[in-house]
Amino acid sequence: MSSVLDRRPAPAVAGPRPTLPRRRTRILVLPEARWALAALLLFLLALPLYLPGAPAWSWGPLFAATYVTGGWEPGWEGLKALKDKTLDVDLLMVVAALGAAAIGQVLDGALLIVIFATSGALEAIATARTADSVRGLLDLAPTTATRLLPDGTEESVEAERLTVGDILLVRPGERVGADGQVLNGASDVDQATITGEPLPVAKQVGDEVFAGTVNGTGALRVRVERDPADSVIARIVRMVEEASETKAPTQLFIEKIEQRYSVGMVLATLAVFAVPLAFGEELRSALLRAMTFMIVASPCAVVLSTMPPLLSAIANAGRHGVLAKSAVVMERLGQIDAVALDKTGTLTEGTPRVTDIRPLPGSGLDEDALHRLAASAEHPSEHPLARAVVAAALERGLPLAAASDFASVPGQGVTATIDGHTVQVGSPTRLPTAGADQTYEKVVGKLEEAGRTAVVVLLDGAPVGVLGIADRLRPDAIATVAALTRLTGHTPVLLTGDNERAARHLAAEVGITEVRAGLLPQDKVAAVREWEEQGRRVLVVGDGVNDAPALATAHTGIAMGKAGSDLALETADAVVVRDELATIPTVVKLSRAARRLVIQNLAIACVFITALVAWDLIGSLPLPLGVAGHEGSTVIVGLNGLRLLRETAWTNLAKDTA
């Protein structure tokens, strides 16, 4: 374990994981948001005038402005789509809204316009947020680096101008300027942004380092091995962008048939108007029948069959700490049949903690004495392992002794004088342990086999005990893995950048049988694509920058919100805001319940539409009765969809999942 030799701060190592600087496009910069807001405000101004029956001149212009501000953009896009011989549903909704206004249903048409304008604005905001986070990822890599010239002098150079073969000096606390190989020096490097490993990795001569990772307390000389445009960070940016662009367009269930339905309804309306007219029916009667047909056959009830259940599910999930970013996401969650889980920060808490305190026989120390000795020596250190040891000692109420003659060697450990004795704390493979017996080796071996990081404590050169440190498993991890296995019929897969031994131990602990460890971001993407080529719909759950490309590539991605990186939070389709892992299987079941309600609503809507259309074509359906039947079906499917708003909907599903 290392500390800061020259006492310069190394906040990136001592603090939490590096996160992306926040870049945010202002919402009102987006034209879709401005038009939707204008339409909403106009609608809200007109509503209190319309409902009490005020004169039409007071609310008429406001509703007209609502139609224009909220409907011109989707209407224009729909007209442009007609050039490609495509009937856009937004255009159909604008026409339906205008048709409603033409027969006196001004409020209904305006509400439809506001709903569609708001939906378009939300989609534009989500797209902008993702673009912001991808651009922000580039800030992880430093803009400048210190390059060493052949004569030994230093120069500061823009990182993008570095070339393969350049020699860099990376001081303590600095970010590595480019992917390369260590030529000289030793240090601990925090590469959580790339691999997701919870602890800094000891680097020495010959080891690879990545651009954007944070150097610990030792100075490194690094030879650039990759062009900055091809660094791991740059490739993560490209992978997220490519995945977002090439991911198959997502549609709600009803949108898969809306094109044919829309075309059919328009053609049928024209036929209902033209055919009777051709057989001698008078113009007014034919127009009234066609208008009635357009109203009763319009897809309002069909559209509302889908949205209320999904929006209710979104609201219910949000109350319980799961943010689904759209109705499409809520629908897709219920379709997954395979799950891939990250390790650090997802199945585990992402923070190292002392799990074992093992005094060696003959040391004369008990657990408290050993822990106090180690914590006293580690107290001046800023290394995450040292902080874990000190924090655990303080939690136990152990008084720490003053340390003098403190020294640290990166990647090896610390040395300090405690109560007149020399105490060393660090790696069992790096500290000299002459005279250590088999008991010591067995203790170290057992801890490492159990997935712990072993830390040896030496007193005056002789080993007196070993501490075990590990990332703590989330309390609900085992139950969540079991629930996801039941839901999908397959055990989740563990995808992690951590080492094989630690990954397999944790997998065995939670009940996972398939483990892929030591993965870089592109390896996770390759694994997800492999499963999806086999026809699987994969849910990826992660929290780090290194998980973002896989989150973007997967059928559905969920990010853990508490310690999740900005890129992961923006790229993911849903976010577990409270970091409660057990909510994931529940929200999957909630999505499936919403889908069942959608099917029920479609059946109800189809029955109403069929009956009203048949009445209009065979008999003579009065326009007010047609409007009442159409609106009645809309109300019924809307109320049915709101059932998922109830608190019992979540609690019952959570019980079934447990």
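What you are looking at is a predicted structure, and each value in this text was computed from that prediction instead of being measured. Along the sequence shown, residues carry numbers from 1.
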ask   = Regarding Thr556 and Asp573, is there a side-chain donor-to-acceptor distance under 3.5 Å anywhere?
value =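 No pair is found: no donor N or O on one side chain lies under 3.5 Å from an acceptor on the other.
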Which heavy atom in [X] sits nearest to a heavy atom in [Y], and how many Å separate them?
X: Ala202; Y: Asp207; value: O-OD2, 3.8 Å
X: Leu333; Y: Val588; value: O-CG1, 3.7 Å
X: Ala377; Y: Phe406; value: O-CE1, 3.5 Å
X: Gly177; Y: Leu162; value: O-CD1, 4.1 Å
X: Pro492; Y: Thr485; value: CD-OG1, 3.2 Å
X: Leu551; Y: Gly557; value: CD2-CA, 3.8 Å

Counting N and O atoms only, with roles assigned by atom type, does the side chain of [X] sit under 3.5 Å from a partner on the main chain of [Y], one being a donor and the other an acceptor?
X: Arg592; Y: Gly334; result: yes
X: Thr415; Y: Ala407; result: no
X: Asp179; Y: Phe210; result: no
X: Ser187; Y: Val189; result: no
X: Thr348; Y: Gly345; result: yes
X: Asp337; Y: Arg536; result: no
X: Asp547; Y: Ala550; result: no
X: Asp476; Y: Leu581; result: yes
X: Arg474; Y: Leu347; result: no
X: Lys203; Y: Glu208; result: yes

Heavy-atom check, side chain of [X] versus side chain of [Y], under 4.5 Å:
X: Gln204; Y: Val182; value: no
X: Val455; Y: Val389; value: no
X: Thr163; Y: Val224; value: no
X: Asp523; Y: Arg516; value: no
X: Leu467; Y: Leu370; value: yes
X: Val481; Y: Leu341; value: yes
X: Glu509; Y: Leu473; value: yes
X: Glu449; Y: His505; value: no

Atom [atom1] in [X], atom [atom2] in [Y]: separation rounded to 0.5 Å?
X: Leu394; Y: Leu400; atom1: CG; atom2: CG; answer: 5.5 Å
X: Gln522; Y: Arg529; atom1: CD; atom2: CZ; answer: 11.0 Å
X: Leu373; Y: Leu365; atom1: CG; atom2: CG; answer: 6.5 Å
X: Leu148; Y: Arg223; atom1: CG; atom2: CZ; answer: 13.5 Å
X: Lys589; Y: Lys655; atom1: NZ; atom2: NZ; answer: 13.0 Å
X: Tyr440; Y: Leu458; atom1: OH; atom2: CG; answer: 6.5 Å

task = Determine, step by step, whether Glu154 and Leu169 satisfy the side chain to side chain contact (heavy atoms under 4.5 Å, CB included) criterion, reporting the C-alpha distance in whole Å, the side-chain angles of both residues, the deciding distance to 0.1 Å, and the verdict.
result = CA-CA 8 Å; Glu154 303 175 7; Leu169 173 62; 3.4 Å; yes
ask   = Should we say atom CZ of Arg353 is surrounded by more than 12 heavy atoms from elsewhere, each under 6.0 Å from it?
value =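 Yes.
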task = Dump the intermediate steps for side chain to side chain contact (heavy atoms under 4.5 Å, CB included) on Thr491 and Glu514, then the final yes or no.
result = CA-CA 8 Å; Thr491 304; Glu514 184 176 350; over 6 Å; no
key: side-chain hydrogen bond (donor to acceptor under 3.5 Å, both in side chains) pairs, two or more places apart, involving residues 357-372   =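 Checked against side-chain hydrogen bond (donor to acceptor under 3.5 Å, both in side chains) - neighbours excluded - the pairs reaching residues 357-372 are Asp356-Arg358, Asp368-Arg396.
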